[in-house]
Amino acid sequence: MLKEYKSLKEVVGPLVIVEGVDGVKYEELVEVQLQNGEKRRGRVLEIDRDRAMVQLFEGSAGINLEQTSVRFLGRPLELGVSTDMIGRIFDGLGNPMDGGPAIIAEDRIDINGSAMNPSSRDYPEEFIQTGISCIDGLNTLVRGQKLPIFSASGLPHNQVAAQIARQANVLGTDEKFAVVFAAMGITFEEAQFFIDDFTESGAIERATLFINLADDPAIERLATPKMALTAAEYLAYEKDMHVLVILTDMTNYAEALREVSAARKEVPGRRGYPGYLYTDLASLYERAGRIRGRVGSITQIPILTMPEDDITHPIPDLTGYITEGQIILSRDLYRSGLEPPINVVPSLSRLKDKGIGAGKTREDHADTMNQIYAAYTAGREARELAVILGDSALSAADRAFSKFTDAFDARYVNQGYMTNRTITETLDLGWELLRIIPRTELKRIRDEYLEKYLDQE
């Protein structure tokens, strides 16, 4: 029989202080019953002798200190998991919100996960095709990788996220592939966009959605990515599936973390965020990867909006330290009408070399990728030179590179949100654009590939 406490001392925002407790553990699940019979859930956030600080998921509005009772349930917050989760939509705490029945759980798993032994990790090396040329061709996503998208307020990161969720797949295998999508702090309109897009495109048949709305409690926002990653770990390591996890928006998650930290009266760190922001983000990002001896894998694409377009802000800054690269959306390209507005120059996938080449994508991939980068940056420099000195100051090669850059933006980058290009189509388009440049300037491609691909029409 669980002991019931009626010793609430203080309520501060989403936090409740309970005195006189005994045998309570950190992260333990709590049930709070209000004076009107309503029940709310929470978790133990801190213990100091016989005082417990409880974090409420549904908020503290309406709590009467004298007439509210608290029970500690002796277990952490768990998610009931089953393969029936695929094709379903849940709220941030794992409750169905699509009108369907409750999940009959095959197992119940602690959402905090268990640490992955670094020595058991397998190196990411299989190519994942997203259907977006700027990612597949130049910043390749590899199975088991963590590759964030850095966006900003007003940029179309939601469309990019939906496009990746629709199109992503592992090439050359018959292995099962699933998408786990977690949205944190989004508006009802954004939530409806994702639900409609997944439903109309049929992507919902292989996806599991966790949606936390902007008007939901901030505490729920902290649980949402853990719920999604717990579902992903079950599908990957118990059901041998390749799982792509998309987390949007990590900035909203960090803001919720700061809100709770302020309520706890903790000493703030950079820009008011708690000093453990790095550790907290790492606890989420490091739940991606491959494990030796296991068929399944988790690949992660966190999406975050950079406050004031500042890439040195603590959230993108710390995310960049933990993850293996970044895809950056550009406001200038967005204003120019490019869809998606991916800026390929500062974007980077640190594991791209491991996922390309013969038997994975195509033998010419690495050479053409390097040449396209070099040609594109040379064309941008030629553009800037022409602005200062005029077109007459450009050499024939400069003009060719400038023409290549214009064509690259118009055709390679600007593919639209509904176009799904295979890696072969992306590589062939790269060769088509490279024909704009004199052959003597293609110094980063081996002669055998020039002879095999450049002269093809």
Assess whether atom [atom1] of [X] is packed by more than 12 heavy atoms of other residues, nucleotides or ligands within 6.0 Å.
X      : atom1 : result
Asp22  : CG    : no
Phe188 : CZ    : no
Arg292 : CZ    : yes
Glu448 : CD    : yes
Arg350 : CZ    : yes
Tyr321 : OH    : no

Considering only heavy atoms from C-beta outward, does the side chain of [X] approach that of [Y] to under 4.5 Å?
X      : Y      : answer
Asn169 : Ile128 : no
Gln300 : Leu147 : no
Tyr376 : Asp409 : yes
Asp216 : Ile211 : no
Leu15  : Lys265 : no
Lys239 : Glu106 : yes
Asn95  : Phe90  : no
Lys226 : Asn112 : yes

Charged N to carboxylate O under 4.0 angstrom, [X] versus [Y]?
X      : Y      : answer
Asp309 : Arg331 : yes
Arg166 : Glu200 : no
Glu233 : Arg287 : yes
Arg362 : Asp428 : yes
Lys354 : Glu125 : no
Glu46  : Arg264 : yes
Arg270 : Asp317 : yes
Lys25  : Glu28  : no
Glu78  : Arg108 : yes
Arg411 : Glu432 : yes
Glu31  : Arg40  : no
Arg221 : Asp249 : no

If we ignore angles and hydrogens, is there a donor and acceptor under 3.5 Å between the side chains of [X] and [Y]?
X      : Y      : answer
Asn158 : Glu190 : yes
Arg143 : Ser297 : yes
Ser349 : Glu324 : no
Asp136 : Gln129 : no
Thr405 : Arg380 : no

Below 30° counts as parallel, above 60° as perpendicular, anything between as tilted: where do the rings of [X] and [Y] land?
X      : Y      : answer
His365 : Phe127 : perpendicular
Trp431 : Tyr453 : parallel
Tyr412 : Phe408 : parallel

Query raised in the report: After noting the C-alpha distance and the side-chain angles of Val180 and Phe210, does the key distance pass the side chain to side chain contact (heavy atoms under 4.5 Å, CB included) rule?
Result: CA-CA 8 Å; Val180 174; Phe210 292 84; 4.2 Å; yes

Query raised in the report: Stepwise, does the side chain to side chain contact (heavy atoms under 4.5 Å, CB included) test hold for Arg51 with Ile17?
Result: CA-CA 7 Å; Arg51 290 164 59 99; Ile17 307 297; 3.5 Å; yes

Testing the basics here: between [X] and [Y], what is the closest heavy-atom pair and its distance to 0.1 Å?
X      : Y      : value
Pro316 : Leu304 : CB-CD1, 3.8 Å
Thr251 : Thr305 : OG1-O, 2.6 Å
Gly94  : Leu79  : CA-CD1, 4.1 Å
Tyr26  : Leu45  : CE1-O, 3.2 Å
Met85  : Ala231 : CE-CB, 3.9 Å
Thr187 : Leu213 : O-CD2, 3.9 Å

**Report entry** Test item: Thr130 side-chain N/O and Ile132 main-chain N/O as donor-acceptor pair under 3.5 Å
**Finding:** yes

Find the distance between [atom1] ([X]) and [atom2] ([Y]) and round it off to the nearest 0.5 Å.
X      : Y      : atom1 : atom2 : answer
Tyr334 : Ile342 : OH    : CD1   : 14.5 Å
Asp48  : Met53  : CG    : CE    : 9.0 Å
Leu351 : Lys146 : CG    : NZ    : 8.0 Å
Leu235 : Ile298 : CG    : CD1   : 8.5 Å
Thr361 : Met369 : OG1   : CE    : 9.0 Å

Query - Tyr273-His313 aromatic ring centre distance below 6.0 Å - result: yes

Query raised in the report: Taking the six-membered ring for Trp, is the centroid-to-centroid distance between Phe181 and Phe194 below 6.0 Å?
Result: yes

**Report entry** Single hit among Arg444, Lys452, Arg446 for salt bridge (charged side-chain N to carboxylate O under 4.0 Å, His left out) with Asp367
**Finding:** Arg446

Requested in this report: Tell me, with the steps shown, if Arg271 and Asp310 meet salt bridge (charged side-chain N to carboxylate O under 4.0 Å, His left out).
Outcome: CA-CA 13 Å; Arg271 303 204 188 184; Asp310 182 10; 2.9 Å; yes

Requested in this report: Go through the steps for Val179 and Val243 under the test side chain to side chain contact (heavy atoms under 4.5 Å, CB included), then give the verdict.
Outcome: CA-CA 6 Å; Val179 175; Val243 184; over 6 Å; no

**Report entry** Verdict with supporting geometry, Ser330 and Asp332, side chain to side chain donor-acceptor pair (under 3.5 Å)
**Finding:** CA-CA 5 Å; Ser330 163; Asp332 289 338; 4.9 Å; no

Requested in this report: List the steps and the verdict of side chain to side chain contact (heavy atoms under 4.5 Å, CB included) for Met184 and Thr248.
Outcome: CA-CA 6 Å; Met184 294 155 281; Thr248 182; 5.8 Å; no

**Report entry** Audit row: Tyr276, Glu266, side chain to side chain donor-acceptor pair (under 3.5 Å) steps and yes/no
**Finding:** CA-CA 11 Å; Tyr276 50 81; Glu266 295 174 333; 2.8 Å; yes

